[in-house]
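One-based numbering along the sequence shown. Fair warning: this is a prediction, and the values are worked out from it, not measured in the lab.
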Amino acid sequence: MEDAHRRPEGVSDETVAALGSLSKALETTERARGHLFSFHQLTGTADLELDRAVELLRAAGHHEWAERVEREILGRNVIPGHWTFQIVEAYDRTYYEAFKELEREAVDRLAQGRDHLYEAEMKEDRRTRGHPDHTARPDSPGTRPPNAPFA
């Protein structure tokens, strides 16, 4: 195991488990943030497609419907006073950045800045010693290069 992932002296099993859980919660938040960006991009794409819908409604002679789509939906706030980019910005400022800072500070103070201790120890417990696809590090002797055929 590399030193960057080795448990510092005096760090308990409970602390490693707690930091692992905190890290997992942050990773889940990262995924939620990604979904928020998907929401942002999908909503924006739909709004831009409305330009085409308005144009096609007009070309088909449905001027009232084109005007209604343009007036009632095109460029509409998704929640009062907000477009999706503002929701993303508020999420980042209010929740995401605070969570990242707290998790980083907890790892720094409780584990001397060593990330992923829980996962690193799990890797050590689960790997098969001597197997070329179970080496401790990418540069370990006997590591199979990427895309190398299986023996």
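Between P8 and A111, the shortest heavy-atom contact is CG-O, 3.5 Å. Residues E27 and E119 approach most closely at OE2-OE2, 4.2 Å, considering heavy atoms. Of all heavy-atom pairs between V16 and V11, the closest is CG2-CG1, 3.8 Å. Shortest non-hydrogen contact noted between F99 and L26 is CZ-N, 3.6 Å. The minimum heavy-atom distance between A66 and R58, with the atom names listed, is CB-CG, 3.4 Å.
Separation of atoms CG (D108) and CG (D115) is listed at 8.0 Å; rounding is to 0.5 Å. The structure places NE2 of H63 at 12.5 Å from CD of E70, a figure rounded to the nearest 0.5 Å. Note: R52 CZ to E55 CD = 8.0 Å, rounded to the nearest 0.5 Å. Atom-to-atom distance recorded for R129:CZ and T135:OG1 is 11.0 Å, nearest 0.5 angstrom. Rounding to the nearest 0.5 angstrom, the gap separating the CG atom in L74 from the CG atom in L48 is 8.5 Å.
Enclosure of atom NZ in K123 by more than 12 non-hydrogen atoms of other residues, nucleotides or ligands within 6.0 angstrom is indicated.
Judged purely by atom type and a 3.5 angstrom limit, T43 uses its side chain to pair as donor or acceptor with the backbone of F39. A distance-only check finds no donor-acceptor pair linking the side chain of S23 to the backbone of L19 [under 3.5 Å].
Transitive grouping of hydrophobic side chains (ILVMFWY, heavy atoms separated by less than 4.5 Å) keeps L102 and Y118 in distinct clusters. L56 and W65 are members of different hydrophobic clusters when ILVMFWY side chains are connected at heavy-atom separations under 4.5 Å. Linking Ile, Leu, Val, Met, Phe, Trp and Tyr whenever their side-chain heavy atoms come within less than 4.5 Å leaves M122 and V107 in two separate clusters. A single hydrophobic cluster is seen to contain both Y95 and L36, as judged by linkage of ILVMFWY side chains at heavy-atom distances under 4.5 Å, directly or through other members. Residue I79 is grouped with residue V88 when hydrophobic side chains (ILVMFWY) are merged at heavy-atom distances under 4.5 angstrom, including chains of intermediate members.
Residues satisfying the side-chain hydrogen bond (donor to acceptor under 3.5 Å, both in side chains) criterion with R68, sequence neighbours excluded, are E72. Shown here are the side-chain hydrogen bond (donor to acceptor under 3.5 Å, both in side chains) partners of E30, two or more places apart in sequence or in another chain: Y96.
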Point to revise | Test side chain to side chain contact (heavy atoms under 4.5 Å, CB included) applied to D92 and R33, step by step | key: CA-CA 8 Å; D92 280 354; R33 185 172 181 257; 2.7 Å; yes
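The side chain to side chain contact (heavy atoms under 4.5 Å, CB included) with R114 is formed by just one residue from the set R7, R6, H5; it is R6.
Residue pairs meeting the side chain to side chain donor-acceptor pair (under 3.5 Å) criterion with at least one partner in residues 74-88, sequence neighbours excluded, are H40-T84.
Ion pairing between a basic and an acidic side chain is recognised when a charged N comes within 4.0 Å of a carboxylate O; K100 and E97 show no such pairing.
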